[in-house]
Each structure stands twice: as C-alpha cells, then as structure tokens.
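Accompanying notes for the structure given below.
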Amino acid sequence: MNPTVQKNNIVISDAKAKLSDILMALSWRDIARNYFGKSSSWLYHKLDGIKSDGSPGGGFTPEEAEKLKAALMDLAARINKAASSL
C-alpha cells in the first residue's frame with residue numbers, strides 16, 4: 001500500500017502492514033498512552049487506517065509517523081539495555 005493523499009495532507013495508511021512482524025509483541029495501549037497521550041482505540045484506528053469517525057481513509061500524519069518511529073526506537077533501546085543486563 002502506498003501513502004494516500006487527502007485534502008492536501010499526506011496520510012500514511014500502510015503502517016500496520018509495515019509493523020506486521022511486531023504487532024503481537026508490543027503493548028500498543030502503553031505506546032498510545034506513554035508516547036502519544038492518547039487512547040489505545042486512537043492508535044488502533046490509526047494502524048487500521050480508519051478516521052476518528054470510523055470511516056476509511058485515515059492513518060498517520062508524517063508527524064505522527066515520526067513520533068511512532070521515535071517510540072519504537074526508544075523501546076528498542078530499552079529492550080537492548082534490558083537484554084544486555086542479563
């Protein structure tokens with residue numbers, strides 16, 4: 001899937017496919033709360049490409065995608081640190 005464009009705003013709608021390898025390994029509720037200050041349903045809607053009103057065509061803005069990337073990089077660093085301490 002390619003990013004879609006809506007009302008001159010880029011929406012990244014293929015995040016779920018790109019994250020498929022780790023979808024079941026993470027607490028998306030904690031990511032939504034700790035990194036975005038949002039609910040888990042907000043993040044699940046973003047991952048599923050659904051707008052807040054439930055209609056299709058939603059996804060992550062480039063800024064939200066960067067924030068998610070930073071969150072995943074932070075988690076990766078924390079996991080590496082924990083693994084190294086064993």
Side-chain angles (χ1 to χ4, degrees):
M1 237 186 235
N2 292 326
T4 57
V5 178
Q6 293 184 341
K7 298 180 186 176
N8 298 324
N9 294 323
I10 296 175
V11 177
I12 299 163
S13 59
D14 60 346
K16 190 171 186 178
K18 290 178 178 178
L19 299 172
S20 64
D21 187 46
I22 61 169
L23 279 177
M24 300 305 290
L26 297 176
S27 171
W28 295 100
R29 179 183 65 97
D30 286 342
I31 291 171
R33 187 180 337 173
N34 296 327
Y35 293 95
F36 289 93
K38 303 279 187 173
S39 68
S40 58
S41 61
W42 175 87
L43 185 55
Y44 289 125
H45 278 106
K46 292 285 186 174
L47 289 168
D48 288 333
I50 299 171
K51 292 181 182 178
S52 61
D53 64 3
S55 65
F60 291 95
T61 65
E63 294 81 15
E64 291 167 338
E66 280 299 315
K67 196 171 202 176
L68 180 57
K69 179 180 177 179
L72 294 173
M73 297 295 283
D74 181 56
L75 287 170
R78 291 168 52 200
I79 290 168
N80 281 322
K81 183 178 178 182
S84 294
S85 73
L86 297 176

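Predicted model only: the values in this text are computed from it and were never measured.
- Between the CG atom of L19 and the CG atom of D14 there is a distance of 9.0 Å, given to the nearest 0.5 Å.
- Formation of a donor-acceptor pair under 3.5 Å by the W28 side chain with backbone atoms of L23 is found in this model.
- S39 and A32 get closest at one heavy-atom pair: O-CB, 3.4 Å.
- Shortest non-hydrogen contact noted between L47 and A15 is CD2-CB, 4.4 Å.
- Atoms OH and CG, from Y35 and L72 in turn, are 8.5 Å apart once rounded to the nearest 0.5 Å.
- To the nearest 0.5 Å, atom CG of residue L75 and atom CG of residue N34 are 9.0 Å apart.
- Atom-to-atom distance recorded for K46:NZ and S13:OG is 11.5 Å, nearest 0.5 angstrom.
- A distance of 7.0 Å separates CG of L43 from CD1 of I31, quoted to the nearest 0.5 Å.
- Considering all non-hydrogen atoms of both residues, D48 and K16 come closest at OD1-NZ, 2.6 Å.
- The aromatic rings of F36 and W42 sit tilted, their planes meeting at an angle between 30° and 60°.
- In plain terms, the two heavy atoms of F60 and A65 that are nearest each other are CB-N, 4.1 Å.
- Counting all heavy atoms, side chain and backbone alike, I10 lies closest to P62 at O-CD, 3.4 Å.
- Within 6.0 Å of CG in N80 there are more than 12 heavy atoms belonging to other residues, nucleotides or ligands.
- Here H45 contributes atom NE2 and K38 contributes atom NZ; the two are 13.5 Å apart, rounded to the nearest 0.5 Å.
- Scanning all heavy atoms of the two residues, the minimum distance from A82 to S85 falls at O-OG, 2.7 Å.
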